[in-house]
Each structure stands twice: as structure tokens, then as C-alpha cells.
Number of protein chains: 2
Amino acid sequence: MGEASRDRTITIYDIAEEAGVSPATVSRVLTGNAHVRREKRERVQELIARYHFVPNALAKGLSETSTKTLGVIAADVRNPFYASVFMACEQAAERLGYTVGLFNSLGKIENEEEQLERFRRQKADAIILLGGRVDDLVTNTVFAGHVRKICRSTPVVVTGKLDRTPCYSVRIDASAAMRQLMDHLFLHGHERIALVGGRLDVTSTYEKYQTYSSMLNARGIRESGDLVVSGGYDYQSGYEGMNRLFEQPVRPTAVVAINDFAATGILRSIFEHGLSVPADISVVSFDNTFLSELSIPKLTTTDYDYDYFGRMIAETAIAAAEGRNPAPETRIETTLIVRESSGSAPVL
Amino acid sequence: MGEASRDRTITIYDIAEEAGVSPATVSRVLTGNAHVRREKRERVQELIARYHFVPNALAKGLSETSTKTLGVIAADVRNPFYASVFMACEQAAERLGYTVGLFNSLGKIENEEEQLERFRRQKADAIILLGGRVDDLVTNTVFAGHVRKICRSTPVVVTGKLDRTPCYSVRIDASAAMRQLMDHLFLHGHERIALVGGRLDVTSTYEKYQTYSSMLNARGIRESGDLVVSGGYDYQSGYEGMNRLFEQPVRPTAVVAINDFAATGILRSIFEHGLSVPADISVVSFDNTFLSELSIPKLTTTDYDYDYFGRMIAETAIAAAEGRNPAPETRIETTLIVRESSGSAPVL
DNA sequence: CTCTAAGATGAAATCGGTTTCACAAATCAA
DNA sequence: TTGATTTGTGAAACCGATTTCATCTTAGAG
């Protein structure tokens, strides 16, 4: 119903006065790290309960030097992959008594830098960078420089890799994932394999391309530049990328999408060209988000243990914040999940 | 790279000392709400820049009484609808100089109550409740009671409706949305219309059911309880709900899904039964998330102006926090978007 | 050339906790 | 019974900003 006059906030001083003890004693009851005579302790606890008192986290954070808060910067939570990772991360942090602030950078460097500052101001105990231009190789010098500055005051965890920057990395083994997909396709007789979506200046994407390329070479398959269409990471990118492939004289028998999101666009493009998956073209992708379950046909994709992924991110961040020394680099394993979108290469 | 020894944080006292002025003067330069002799001001600014100094937000929040922070509790950001709303809300808040903390309650009341406490402790200027069991009619007494308590100290904005609770409401006009879908279906000759997904104890869902029911009655169509299958709000719920409908002797010619997410499950079920959409069955849903664009066929659904929705939520929360008196209730309009999943009723 | 209002600035109080320090009281060992 | 611990407690300092208050300049009006 709108406005209500707010209650006056009560403090430990109020509690102390009414309980007839000093504020210090109330604080001792609160933190529990000192002895308080039972009788007084119970009196104080009774008052805390009665007045529904909660200690002011700002004051607490100011005197201790921890806020029990993590700052997360994601490119875009609407992307199911980030949503899943964030979710897992947030739940893990919550179990460890930490709250998280979330900011969507939309992949814009200025936004990320500004938010980095803001988290620093807010005394976040650690900052987590999910994707975005974090692992950008080209702008490495620009952005990494900024991150490097932040690292000097606050621990930073990234899901990519920043060279010459003292931050922690928890990342998926993109090469291994690509290897699993390619092996799967080779096994089904595919040789004309396309790769759609992703920017080469993002480390994970770069690693995927590297692996794709070297595996084709290893099998003596001539790599055709025409089969590689880079772009973004969403539906639109997949859709446009696949349309581009259809403009070429010979079409691929299989397409590796940079992620599930792009794969859905690829499926749409193939559908609109009157072809069917996997009979005419196989489509495989990365991430095993809920999209791979709900698209028709269901997608063959690579899965990660999201709970573990999120937990490692949160635990690394928190361990660093608390001065314990977490592993500087953690790799997340990947598993191939075969569904309906991939099958034997058609005989052309 | 891992651990690095952290820089000592510098404060206005450090700046003050080096500039040869008092901390008060540095503060005045920072806030800009008092005159400082140009010469000194520039000296201070120079030092602030040189040391890359940012004022401690905790200290600031403690002395002023605003933290420029909003707390958001969502059921699950992996749900594209919440992701979109959150995103819009966060961007709007950011433009107004506010940061947001996000917590996923997974729809569990205990989680919501606990987080409500935590935001109160952290002195969030306002708390925003996106969905979840917020607008729960049945447990109203339990949960609303808790919200009511929080409202006494912090403004609360909900996207549902809580009776007898002094909080602000910014919500979608669910009845209007349902009306648009039903009119669309009636226009195409549908009469045997099913409704799948959603819990009746959530206000928006309740409103949808009410409207569905009264519109059928108004047209003199006998309402069949068999055509209403409640459940959850995700893919699985839609899938199972639709399977349930298929167990019945006569199948509907059209299905209204409680949201896009559930609609994708419905599409899958229909697909598995060897039928096609919209030739055999029309499927329509709510929310126009990116799912409605990427599913095959694309979904006919109701759209809202997400930016506006998010902006109203953020602005209402902030206005309330700053003591201005925002409208207690804001309704968001809906628009019908006709895509591929709906068509004329088949002649049976 | 006064007189007054505005500008400039530091000292000190405040926000709401935690923690050190000092001292008193209770417990324990010898 | 006495000295050595351990327990219990309040006063006061501290965390890092903002802001009031008082004082001192300086500028502008008449």
C-alpha cells in the first residue's frame, strides 16, 4: 500500500541500556568470541529477539575488515550459461555466509571498469569476473591493466585467463570439450565440419578454434577457411552464421556451435532451409544449458558440473579474501552428452 | 598467478595529511557540497587521482543513512523471465547510481525470509521481490507477515500483490494478457482450449485462471476441468502437463501455456506425439522471452516493455528509499505478439 | 571606510559496531 | 591461605567517512 513511517533502527546501545550492561557486552554476546556471564547473556539475547534486532553490517564491516560480500560482474545474465554459473556461485557463497552483488556489463569494457571501482568502494571481499571481455587477448593490455590495479587491493577471480595479472582463474577446459565434440563427429564419419559463432579474441573461443584446427590437421583433413564463421554468442549469431554457410556451394555435414544459445539459431536456419537435423546436418555445441534439453531436436553438447564450477569460483574467491592461499588455477572437466542433434554423416 | 600482498587502503586522513589540510576539507572536496579554496581543492584532487583513492562506502553509508544499494530476491534467475526483469531493473538502478545485490530463493520461503533479514542487516535502501512465493494467496499469512515486519524498516517493492501489507507493487496486468491470448484463439475458431502450468496460489497465475474461466463462460463454452493442468513454470511442467492432456480421450485444439518456458515443454510433448503446431494444435504463452523467438515454431505470446518494467521497479524502490512517495501500484501493459505457433482451429 | 554576509577551514561529534586495555572477581593449584 | 589463572566487564579507542559548530577571512553593499 505504499508509504509507512519507518521504525527507528535500534542499536546495541539501546539493547545495552535496557539490559543494564555495556555495549561491549552486547557485542560479545553477538560475536560469541568472549565470555559473558550466563545471566546477562540471556537477558541480552532475550532483548535481541524481542526487538528483532540485527546488527548493522556497515558498522560491522567498518570495524572488522570483511563485509562478507562478493562482487560479480557478468556479461549478461540473460545468457543461460552465465545464469547457471552465477546461480551456482551465489548458492555456494551463500552457504559460506557470503552475499553477492551482481552487475551486468553487457560486455562493455567501460561498464566493467566502472563497476570494478564500485565494488572496490563497497569493500567487496573479492570480485568475480564471469566471461565478458575478461579473457580478451587483444585488449589484454587495456583491460588487464585495470584488473591488475584492482588486484592490488582486492582478490579477483576470473573464469578466463589473464596473463601477467595476479588473479585467480577457475575455468572450463575448452580444448578438452572441443576434443570430445570433434571425436564424436569423426566417429560418425564427419569430415566437413563447420565452426560457428564466438569472437577469436576471447580465450575460451580461441582455444576451441585452436583445437578444432589442429584436430582437423591431425586427421589430414584440409581445413577450409570458409567453414569458420565467427560472431557472437547468442541466437542471432548462430542464425546469421549458419545462413552465411548456406551461401556457399558445398555445405558442411556437421556444425559445431560456440554454445547452446548459438546452436538454437543454427537449428532455426537449417529448419528454414528445409533440411533436417541430424539427417542432413549434425549440430553439436557447448555448455549443456537448459536450451539443449528443450530445443527440437535436443542438442548433443558438452556438460560441466555447474555446482562444482560455481562452488570453486566462490570458494576460491572466499579463500583468497580470507588470506588462505587457494590454487591459482582450477580446471573444470567436461563430459560429452549425446542427444538427438548429431548422427552419421549423410552420404552425399 | 594467485596471491599478491594487498596494498594498504588509503583514507581521507592520508590524503588530508599529505595535502596539508584537514580531513573535513578532503570530505568537502569529495562530496562537493561546500566551498573549498581552489588551490587546496586542486591539490586534494591531484592526490586522489594519484593514489587512485575511492572513499569507503561503508563509512559513507554509516554516516549518511543511505547505502545506494538495492536488494533483489528472485525465485530463479535461470528463468529467462526473471533474468530479463532483473537485468532491466539492474540497469535502471545503475543509471540512478544504485547497485543491486541479487539472491535466488528457489521459491523457498525460508530462504526468502533469511535473505530479507540479510538485506536489512546490510542496510539495503530498498528490497525488491521478484516472483517467488511473494504473491502467494494461501501462505499470505505466513510470508506476508514477515514482509510486513520488514516493511517497517525498509521499503519493499513486489511484482505481485500482498494484501494488507504496506509495500509497493509493480506488476503485469495478467488478466489483460490472458484476454489478449483468448481473444486471439477465439478469433481463430478455438473453443477447446487448455491451460497448462502454474500454481493457483500465485496471484498472477490465479488472475490468469480467473480470466480464462470467465471468458469461456462469457462465450457460453462449457468449461472442462480436464483441460486445466496446473504445475510449475518450467520446461518440465509444460512437458508433463501436456502429456497429461494427451491421456484424455479428446484433445484440445489450443493450449495456453503459463509462460514461454512451459510452452517449450508443451511443444516437445506435441512433437513426440507426432502432431504438429499449429496445424494440429495451437500453442500460445506469456512473457515473450527469447525462448519464444528461438523455439520452433516461434511462439505467439504476450510482450511487456521490459525496460519500462524494470525501470518502474527500480524507480519505485529508489523513490520510496529517498522518502519521495511513489505510486503504490503500477500496472504494466501487455501486447500480443503473433508468431508461428498459433493458427486456425483444425476441423475435427 | 565600516558593517554585514558569504567563503573557508579545522576541531570534534557522530554513525554502530568490535576490540584492546585495565581491573575486578572467581577459580584453581599447591 | 596465598599466589597464579581464568572469567567477566566497562571505558575508551578505532574503523573511515560526513557534518555541525565555531572561528577567521574575505568580498560586497552602502
Side-chain angles (χ1 to χ4, degrees), chain A residues 6-45 47-48 51-69 118 120-125 153-154, chain B residues 6-45 47-48 51-69 118 120-125 153-154:
Chain A
R6 312 283 166 210
D7 282 357
R8 193 183 71 82
T9 17
I10 62 170
T11 70
I12 53 168
Y13 295 93
D14 302 319
I15 302 284
E17 184 169 356
E18 188 156 345
V21 299
S22 74
T25 299
V26 177
S27 176
R28 290 186 183 107
V29 172
L30 246 33
T31 61
N33 46 25
H35 303 262
V36 173
R37 189 176 300 283
R38 176 171 177 177
E39 171 201 0
K40 295 193 178 183
R41 178 168 15 101
E42 288 176 349
R43 195 161 2 126
V44 168
Q45 282 168 334
L47 287 169
I48 287 176
Y51 289 125
H52 195 51
F53 166 81
V54 290
N56 182 325
L58 297 176
K60 183 163 184 158
L62 191 56
S63 65
E64 297 175 332
T65 17
S66 154
T67 54
K68 298 284 186 183
T69 287
R118 212 175 288 188
R120 190 161 77 97
R121 213 194 301 275
Q122 293 177 351
K123 296 291 164 190
D125 290 346
S153 56
T154 310
Chain B
R6 311 282 165 215
D7 283 356
R8 193 182 73 80
T9 12
I10 61 169
T11 70
I12 54 167
Y13 296 94
D14 303 319
I15 302 284
E17 184 170 356
E18 188 155 345
V21 299
S22 75
T25 299
V26 177
S27 176
R28 287 192 259 260
V29 172
L30 246 33
T31 61
N33 46 24
H35 303 262
V36 173
R37 189 177 299 284
R38 177 172 176 173
E39 171 201 1
K40 295 193 178 181
R41 175 164 24 94
E42 288 175 348
R43 194 158 6 123
V44 168
Q45 282 167 334
L47 287 168
I48 287 176
Y51 291 125
H52 194 51
F53 165 81
V54 290
N56 182 326
L58 297 176
K60 183 162 183 160
L62 191 56
S63 64
E64 296 176 333
T65 18
S66 152
T67 54
K68 298 284 184 183
T69 287
R118 213 174 288 188
R120 190 161 77 97
R121 213 194 301 273
Q122 293 177 352
K123 297 289 164 192
D125 290 346
S153 55
T154 310

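So you know, we letter chains A, B, ... as the sequences are listed, proteins then strands, and number each from 1.
Set against D/dG10, D/dT18, C/dG17, the side chain of A/R28 has D/dG10 as its closest nucleotide. For B/Y13, the side-chain atoms get nearest to D/dG16 when compared with the rest of C/dT9, C/dG17, D/dG16. Taking every side-chain heavy atom of B/N56 into account, D/dA17 is the closest of C/dT19, D/dT7, D/dA17. Taking every side-chain heavy atom of B/E64 into account, D/dT19 is the closest of D/dT19, C/dA26, D/dT7. Comparing atom distances between the B/K40 side chain and each of C/dT18, C/dA8, C/dT9 picks out C/dT9 as nearest. Looking at the side chain of B/S63, the nearest of the listed nucleotides D/dA17, D/dG8, D/dA12 is D/dA17.
The CD1 atom of A/I12 sits 5 Å away from the P atom of C/dG17 (whole-angstrom rounding). B/K60 places its NZ atom 20 Å from the P atom of D/dC15, with the value rounded to the nearest Å. The CD1-C1' distance, from B/I15 to C/dG10, rounds to 18 Å in whole Å. Atoms CZ (A/R38) and C1' (C/dA26) sit 18 Å apart, rounded to a whole Å. Separating the NE2 atom of B/H35 from the P atom of D/dC24 is a distance of 20 Å, rounded to the nearest angstrom. A/R37 places its CZ atom 12 Å from the C1' atom of D/dT6, with the value rounded to the nearest Å. Taking atom CG of residue B/L30 and atom C1' of nucleotide D/dG16, one finds them 11 Å apart after rounding to whole Å. Atom-to-atom, CD of B/E17 to C1' of D/dG16 comes out at 15 Å; the value is rounded to the nearest Å.
Among the heavy atoms of the strands lying under 4.0 Å from A/V21 are primed sugar atoms or P, OP1, OP2 only; no base atom is included. Residue-level contact check: B/S27 touches the bases, meaning some heavy atom is under 4.0 Å from a base atom.
Without hydrogens or angle criteria, A/R28 side chain to A/A34 main chain gives no donor-acceptor distance under 3.5 Å.
In this structure, B/L47 CG and B/E18 CD are separated by 5.0 Å, a value rounded to the nearest 0.5 Å. Rounded to the nearest 0.5 Å, atoms CD1 (A/I48) and CZ (A/R41) are 11.5 Å apart. Taking CD of A/E17 as the start and CD1 of A/I10 as the end, the distance is 12.0 Å to the nearest 0.5 Å.
Between B/T65 and B/S22, the residue anchored nearer the 5' end of DNA chain C, judged by the nucleotide with its closest heavy atom, is B/S22.
For the pair A/N33 and C/dT18, the criterion of a side-chain N or O lying under 4.0 Å from OP1 or OP2 is not met.
Around the CD atom of B/E42, the shell of radius 6.0 Å holds more than 12 heavy atoms that belong to other residues, nucleotides or ligands.
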